[in-house]
Every structure is written in C-alpha cells, then in structure tokens.
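The structure appears below as structure tokens.
Quick note on labels: first sequence line is chain A, next is B, and so on, each numbered from 1.
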There are 2 protein chains.
Amino acid sequence: MALRRTAEERRSEIVSAALRLADALGPDRLTTEVIAAEVGVSQPAIFRHFRTKQAIWLAVADNVADRMTAAWDDVLDRPSGPVERIGELVSAQLRLIEATPAIPAILFSRELHVENEGLRARFLELVGRFHQTIAGEVRRAQGEGEMTGDIDPNDIAFLLIGLVQGLALRWSLSRRRFGLEAEGARLLAVQLTLLGQSAAAGTGKDRS
Amino acid sequence: MALRRTAEERRSEIVSAALRLADALGPDRLTTEVIAAEVGVSQPAIFRHFRTKQAIWLAVADNVADRMTAAWDDVLDRPSGPVERIGELVSAQLRLIEATPAIPAILFSRELHVENEGLRARFLELVGRFHQTIAGEVRRAQGEGEMTGDIDPNDIAFLLIGLVQGLALRWSLSRRRFGLEAEGARLLAVQLTLLGQSAAAGTGKDRS
DNA sequence: TTAGTTAGTTATTGCACAATCACCAAGGGA
DNA sequence: TCCCTTGGTGATTGTGCAATAACTAACTAA
C-alpha cells in the first residue's frame, strides 16, 4: 500500500505527474492508470482526489495559468521601458513553454478541443489575458514614440502572439529540433525592428 | 446491402467523408464506424479499401497536399509582382483553411502528434514547401527593392507563416467566431506595410 | 454460362480505459 | 482505548473502438 498523504499533497502530486506525462506520452495517452503508476498509488485512488478525469485537466490548467500569470507580473514589476518589456514578456512565455513542453501539446489536444469545454475556455481566457498585456505595453510604447503609431495596438499584439504560436507549432511539428527561446529571440528582434523603424523615421532618430 | 462501387470511387468517398466528419466531430472522434455510416456501408467494409485506419489519414493528407499545391501553383502562374503574390499565397492558404476547416484541427490532433508519424511527416513537409515558396517570393521582392533587404528571407517567411498559424489557432480556440480571410487580410496588410517601409525609405519612394 | 475476382455482409474478438463498489487500515481527538 | 474520519485497495463493469474471420453476391472476361 502506498504511503498515506494528505489530500492536498496528493492533488498536487497528481497535477504535476499529469503535466510530466502529458509531455512524455502526449496529452491524449494520459490515462488515470499511468498517472496512478507515476504517483505510486492504485488507479482508483485517483478518483478519491478528482471526481472525474476532466477535473484533473482543469486543475492542470489552473496550475499553468498561475505560473504564466506570475511570470507576466514579474516582468511588469520591473522598471523597464515598454519595448523592452514586450521582449521580456515574449521571452518569458517561450521559456515557460520550453520548461513545460506539454503546453503546446495541450493546446493541440483532443481533450481541449473536443472533450473538455472548460479546459478550452480556460486557455482561451489565458491567451486573451496575454494579448491584453502585450497590447497595453504596445500602447505605452506608441505613446512614448518608440513604436509606430499607425497601427492598432491589438493588431501588433496579434502579430507578436502569432510569432509565439507559429513558433510553438513549428517546434512541435519538428519534434523540438531547435531551441525555442533562441529562435524566438531572433524572430522577435526582427519584428521589433520592423515595428520601431517608422517611429524612428518619424522622429528622425536611428536613421541610416 | 450498399450499392456496389468501384474501389476507386469508394476510396475517394471515404476520404471526403473523413474530412467532413473530422471537422464536424473533431479528428479524434473520427471512428471507422461513423465513416462507414456516412458513406453508407458497414464498418468492416472500410477495411476493404484501407488496410488500417492510419492509411485513411495518409490518404486525407495526400488529398489536402494536392489541393494546397494546386492553389500555390495557381498563384505562381499569374503574372504579378512578388509582394502581390505573397499576399495571394497567404490569402489562398486562408481560403483553403476556411473551406476545409478540419485542417487546423488535424494539425492539432492526437492522430498527427502521437499516433501517426507518417501523417506528421507529410504535414511537416507541406509546411516546409509553403515556407520555401514564400521565401522565394520574398527574395524576389528584395531583389526588386520592394521589400527591406536587411532581413533573412527565411525569417520573413517564418513571420508570415506565424501570422497564418497564429490566426488559425485563435480561430480554432475561439470556435471560429471571426472570418479567417478577412482578419488575415488586415493583419497581412499591416505586416506587408512594415516589411515594405524601410525598402521605400531606402529608395526614397512612398515616404510621408 | 460459368469461374474468378472483388465489394460487400454479419458476428465476433480483444483491448484500453473511466468509473464504481465493497471493503480495509492509519492515526489523531474524545 | 476506542472510534470515526479519510486515504487507500482489489475486483469488476460497461463502453468504445480497430481489426479479423467466415461467408455472400455482384460484376466481367473467356
């Protein structure tokens, strides 16, 4: 018999086992059986702590949401300029994905897209919050003349998020054959240069 | 008993039923049972025409690849300038996705990512060909001074594909609550303007 | 007309998996 | 010390699904 733990401890053991295994096996091969084996209890023990398997996924989503939110807040607490912060937000996001590689897989999973409406809603909200955060910094950058003011901040944010998501999909399709953050940093630099150029041209600085 | 068809006809009926149902039910709810029902034959009849279920997916991939390739060739046959053609390539891609909405879902499916290595390889190759096509036009645009020459054409192509893929994911997560081609056209215009600006600045044309 | 080929059929198998049931033991208040 | 809450267990059930087996009937070419 497995050692007896408090319910609190077991719940978090189950969530982190689920995240680890969702990466190793793919989100849709994640069965209550393999989670139980990883945690070291019997399969039915899982259902002491989560009424259904979907509930495990919702707890996983909450865990990811908490860590993302913390990373964003961390960037926003720094006393840096808006363009710099946009770069840091994107980098933080890529680092988080690299550290928890199950995340893109979950975004692409049947669980999210078909089985578990609540899971989809949670990730949609999370993506929306990321968009708002970026768009806010873009607005500040435009106000300070560090980024072209001709374009709707929301569209700029969509382009930057598209960069992250396109990268994540390519990373995923390629079986992670390149470094996500390094590749992202290069593309991000390109995009930020493009976004800064006309602002610089307009104010006369940084012209070559 | 279902009407007897030639094997050729049945195969293509099965492929198009699979594409239709992959959209309606989600790619991973696609069972041989529901395909058979849609086509109007018994479930085991499917296995007359495809040795395994994975083989159905490979045929689906070939079908999609053929239609994409045709659409790209169609754009490349027109006597238009490279920047215009880049726009048309992206639009064609978005139209194709909108007309066959199972495509992003398949890209995000367990089938592709976990079960069916051949399927993943086929889509990876397809994405690679799209990238090459775009990068080629970018190179021409740079040669003709219509696009900034400072940036690696491959990176520009990655940004443009990121735009498409990010859009497709957002479309998918949002349950297709916006028009893919219209939204894409707006973002594309933004990105193409950014890419054209410094070229224009360098040659002195189109300066405001 | 008949024989061979091939598109079908019904019945069945075997597996993977979520979920439930009935029962058991650890261990901290009273 | 007793007991009762709670975290565990093994056995089992029901379902969904791909795939196979054994058989049948429709076309086609000689």
Side-chain angles (χ1 to χ4, degrees), chain A residues 1-18 21-22 24-61 106 109-119, chain B residues 1-18 21-22 24-61 106 109-119:
Chain A
M1 188 170 176
L3 284 186
R4 200 184 158 96
R5 296 273 162 88
T6 66
E8 191 64 23
E9 283 170 327
R10 276 288 184 242
R11 277 182 68 91
S12 97
E13 279 185 12
I14 290 170
V15 167
S16 59
L21 292 167
L25 309 178
D28 297 299
R29 285 218 172 131
L30 191 65
T31 67
T32 54
E33 183 69 47
V34 299
I35 297 176
E38 176 86 2
V39 169
V41 297
S42 66
Q43 179 257 343
I46 300 296
F47 290 91
R48 279 276 164 221
H49 304 284
F50 294 93
R51 286 200 49 219
T52 64
K53 194 192 171 191
Q54 294 200 347
I56 300 176
W57 279 112
L58 295 182
V60 164
I106 291 170
S109 69
R110 140 172 159 170
E111 189 62 37
L112 181 143
H113 282 269
V114 180
E115 316 270 283
N116 198 330
E117 176 59 26
L119 188 65
Chain B
M1 188 168 175
L3 283 186
R4 199 184 158 97
R5 296 273 162 86
T6 65
E8 191 63 25
E9 283 172 327
R10 275 287 184 244
R11 277 182 68 91
S12 96
E13 279 185 12
I14 290 169
V15 167
S16 60
L21 292 168
L25 309 178
D28 297 299
R29 283 215 175 135
L30 192 64
T31 67
T32 54
E33 183 67 48
V34 299
I35 296 175
E38 176 87 1
V39 169
V41 297
S42 66
Q43 179 256 340
I46 300 296
F47 290 91
R48 278 277 162 217
H49 303 285
F50 294 93
R51 286 201 50 219
T52 63
K53 194 192 172 192
Q54 294 200 348
I56 301 175
W57 279 112
L58 296 182
V60 165
I106 292 170
S109 70
R110 140 173 157 172
E111 189 63 38
L112 181 143
H113 282 269
V114 181
E115 315 271 283
N116 198 328
E117 176 59 26
L119 187 65

Polar atom pairs between nucleotides 4-6 of chain D and protein, under 3.5 Å, N or O only, would you list them?
from	atom 1	to	atom 2	distance (Å)
D:dT6	O2	A:R4	NH1	3.3
D:dT6	O2	A:R4	NH2	2.8

Using a heavy-atom cut-off of under 4.0 Å over every strand shown, decide if A:L30 touches base, sugar-phosphate, or nothing.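 Result for A:L30 = sugar-phosphate.
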Please set out all donor-acceptor pairs under 3.5 angstrom arising from side-chain atoms of residues 31-38 of chain A, sequence neighbours excluded.
from	atom 1	to	atom 2	distance (Å)
A:T31	OG1	A:E33	N	3.4
A:T31	OG1	A:V34	N	3.1
A:T32	OG1	A:Q43	NE2	3.2
A:E38	OE2	A:R20	NH1	2.2

Quick one: CD on A:E111 to CD1 on A:I56, what's the gap to the nearest 0.5 Å?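 It comes to 9.5 Å.
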With rounding to the nearest 0.5 Å, note down the distance linking CG in B:N116 to CH2 in B:W57.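 These two atoms lie 9.0 Å from each other.
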Could you walk me through whether B:R4 and B:E9 pass the salt bridge (charged side-chain N to carboxylate O under 4.0 Å, His left out) check? CA-CA 10 Å; B:R4 199 184 158 97; B:E9 283 172 327; over 6 Å; no
Check whether any side-chain nitrogen or oxygen of B:S42 sits under 4.0 Å from OP1 or OP2 of C:dG8, and answer yes or no.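 Answer no for this pair, as no side-chain N or O of B:S42 is under 4.0 Å from OP1 or OP2.
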Indicate whether OP1 or OP2 belonging to C:dA18 is found under 4.0 Å from a side-chain N or O atom of A:T32.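 The answer is yes; a side-chain N or O of A:T32 sits under 4.0 Å from OP1 or OP2.
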Over all atoms of both residues, closest heavy-atom pair of B:V114 and A:L25: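 Heavy atoms of B:V114 and A:L25 come nearest at CG1-O, 3.9 Å.
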Testing the basics here: between B:H49 and B:R11, what is the closest heavy-atom pair and its distance to 0.1 Å?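 Nearest pair, atom of B:H49 first, then B:R11: O-NH1, 2.9 Å.
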Any donor and acceptor pair, going by atom type alone, linking the side chain of A:D28 with main-chain N or O of B:R110 inside 3.5 Å?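 A pair under 3.5 Å: no.
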Which residues, if any, of residues 44-54 of chain B bring a heavy atom under 4.0 Å of DNA chain C?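 The answer is B:P44, B:A45, B:R48, B:H49.
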